[in-house]
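Notes follow the structure.
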2 protein chains.
Amino acid sequence: MSITARKERQKEELKGKILQAAKALFMEKGFEETSIRNIAEKIEYSPTTIYLYFKDKDDIFHALHTEGFVLLNQYFRPLAHVSDPFERLKAVMKAYINFAKENGEFYDLMFIINSPMKSVEKEAGEWEEGKRAFEFLIGTVGECIQRGYFHGMDAEVVAFTLWSMVHGICSLEIRNRCSVVSALNQEDLANKATGVIQEILERMHSKPQ
Amino acid sequence: MSITARKERQKEELKGKILQAAKALFMEKGFEETSIRNIAEKIEYSPTTIYLYFKDKDDIFHALHTEGFVLLNQYFRPLAHVSDPFERLKAVMKAYINFAKENGEFYDLMFIINSPMKSVEKEAGEWEEGKRAFEFLIGTVGECIQRGYFHGMDAEVVAFTLWSMVHGICSLEIRNRCSVVSALNQEDLANKATGVIQEILERMHSKPQ
DNA sequence: TAATTAACTTAACACCGTTAATTAACATAT
DNA sequence: ATATGTTAATTAACGGTGTTAAGTTAATTA
């Protein structure tokens, strides 16, 4: 009895160690530069052992992908207590951008890199943490609409649009498209763009209050 | 005399053939799936020959990268004749989105994939076609500001922000982040988001006319 | 005609993700 | 207590990648 339990525990432990090693390498070198052989070396197992715990490389990074969404939701959680929905909305967008800045490689994996989506699309049904994040945004937008913001628009569509806006800034910065286009410091430009979006948002209430 | 000219011409010809083969493979299979060995096979040369014409794989895709910007500028060129700057601005954004839709792999290379930027950043000075595209946008925004749109804002910053917005939509669609987040058809969602942005733009003139 | 240069190829290096076959350790049943 | 079966991990290998060094062949110059 307890002996199979111990084995189970040990298997889970090693699976955790693989993930932990993958995460460390991934965070310091990025997705492309992290190989299964690297991960294996780090945990002092043979590369093929990893295939006993994960189907393939995508599978590993799919696990990190959902881990990233857990982290993003941690950025969002405190904002649930902001009662004014428009203030909350602005705070969510700021938090999203901060998340991107502070977790560049995770952001890349979650919103840019192709690899993890193959697994996500297969799962279809489940995708809890990702949907939680987006639904928090939709909910907030919905409340804003009730208060006269984004008049006549659909909450889901507006939420997606706002997400697109901040994602545009974050992904252009992460993939280095800012510096080549402007004399401005890359981070500066992104900050100012964020300012413009805030400015735009302010003008989005048709019937104030 | 003419003999060296012919050789020069032939060298240039083969360089062109490499690029052409790379482009064909790239457009049907994408960046990751196009190998130097593939390209070599297509033009019936040994893989190493390619290195006599291009420094490395990045160098090839850097060439395609600028080719993509030439194409983008062709989407923009007709719009130079739209006299009203705000109408022109909206048309530019539409054209950009059309470009992305009709040239997905090129878009990926130009605005998402890391590889070509290594070369772009080294060139530093030159990057003509890319800057032409962006400066067309800045110019249009500048004229809009003169007519009372985006009051008190900086043209370059606004241009970058608008670019971010449409890039957000395009890149989320290309990298398949729409379908997982909404029951809506992916293209539908992107179209509706574009509509919201148009709507937002309409509200951006402080002193109309 | 001999020496040099240019264009190209073959062979090889060091990696990659992944699969098949194999060993070693352990648990169970006789 | 011995034989059997199962599990975890390994080694070896396949077919691929980008890239470099060394070698070949043909054309051009001296």
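Within every chain, numbering begins at 1; the chains are lettered A, B, ... in the order of the sequence lines, protein sequences first and strands thereafter.
B:Glu33 places its CD atom 11 Å from the C1' atom of D:dT17, with the value rounded to the nearest Å. The distance from atom NZ of B:Lys55 to atom C1' of D:dT20 is 13 Å, rounded to the nearest whole Å. Across the protein-nucleic acid pair, B:Leu25 atom CG and D:dG16 atom P stand 15 Å apart, rounded to whole Å. Per the geometry, CG belonging to B:Leu14 stands 10 Å off P belonging to C:dA7, to the nearest Å. If you measure from atom NZ of A:Lys11 to atom C1' of D:dT6, you get 12 Å, rounded to the nearest angstrom. Note: CZ (A:Arg37) to P (D:dG16) measures 15 Å, nearest angstrom. Between the CD1 atom of A:Ile50 and the C1' atom of D:dA9 there is a distance of 12 Å, rounded to whole Å. Between the NZ atom of A:Lys29 and the P atom of C:dC16 there is a distance of 8 Å, rounded to whole Å.
Taking only side-chain atoms of A:Tyr45, from C-beta outward, the nucleotide of D:dA9, D:dT19, C:dC8 with the closest atom is D:dA9. In the set D:dG18, C:dT9, D:dA12, C:dT9 carries the atom at the smallest distance from any side-chain atom of B:Ser46.
OP1 and OP2 of C:dG17 both lie 4.0 Å or more from every side-chain N or O belonging to A:Tyr51.
Judged by atom type and distance alone, B:Thr48 does not reach the base of D:dT20 through any side-chain donor-acceptor pair under 3.5 Å.
Applying the side chain to side chain donor-acceptor pair (under 3.5 Å) test between B:Tyr107 and each of B:Glu102, B:Lys101, B:His167 identifies B:His167 as the sole match.
Contacts of B:Thr49 with the nucleic acid, taken as non-hydrogen atoms under 4.0 Å apart, include base atoms. Note on A:Asn38: only backbone sugar-phosphate atoms sit closer than 4.0 angstrom, heavy atoms only; bases stay farther off. At the heavy-atom level, B:Ser35 lies under 4.0 Å from the strands shown only through sugar-phosphate atoms.
The residue among B:Tyr53 and A:Ile36 whose nearest nucleotide of DNA chain C is located toward the 5' end is B:Tyr53.
Between A:Phe69 and A:His65, the distance from one ring center to the other falls under 6.0 angstrom. For A:Phe76 and A:Phe99, the distance between ring centers is not under 6.0 angstrom.
Nucleotide D:dA30 forms a pair with C:dT1, judged by Watson-Crick or G-U wobble geometry with both contacts under 3.5 Å.
Residues A:Asp58 and A:Ser115 approach most closely at OD1-OG, 2.8 Å, considering heavy atoms.
Looking only at distances, no side-chain donor or acceptor of B:Asn103 sits under 3.5 Å from a matching main-chain atom of B:Phe106.
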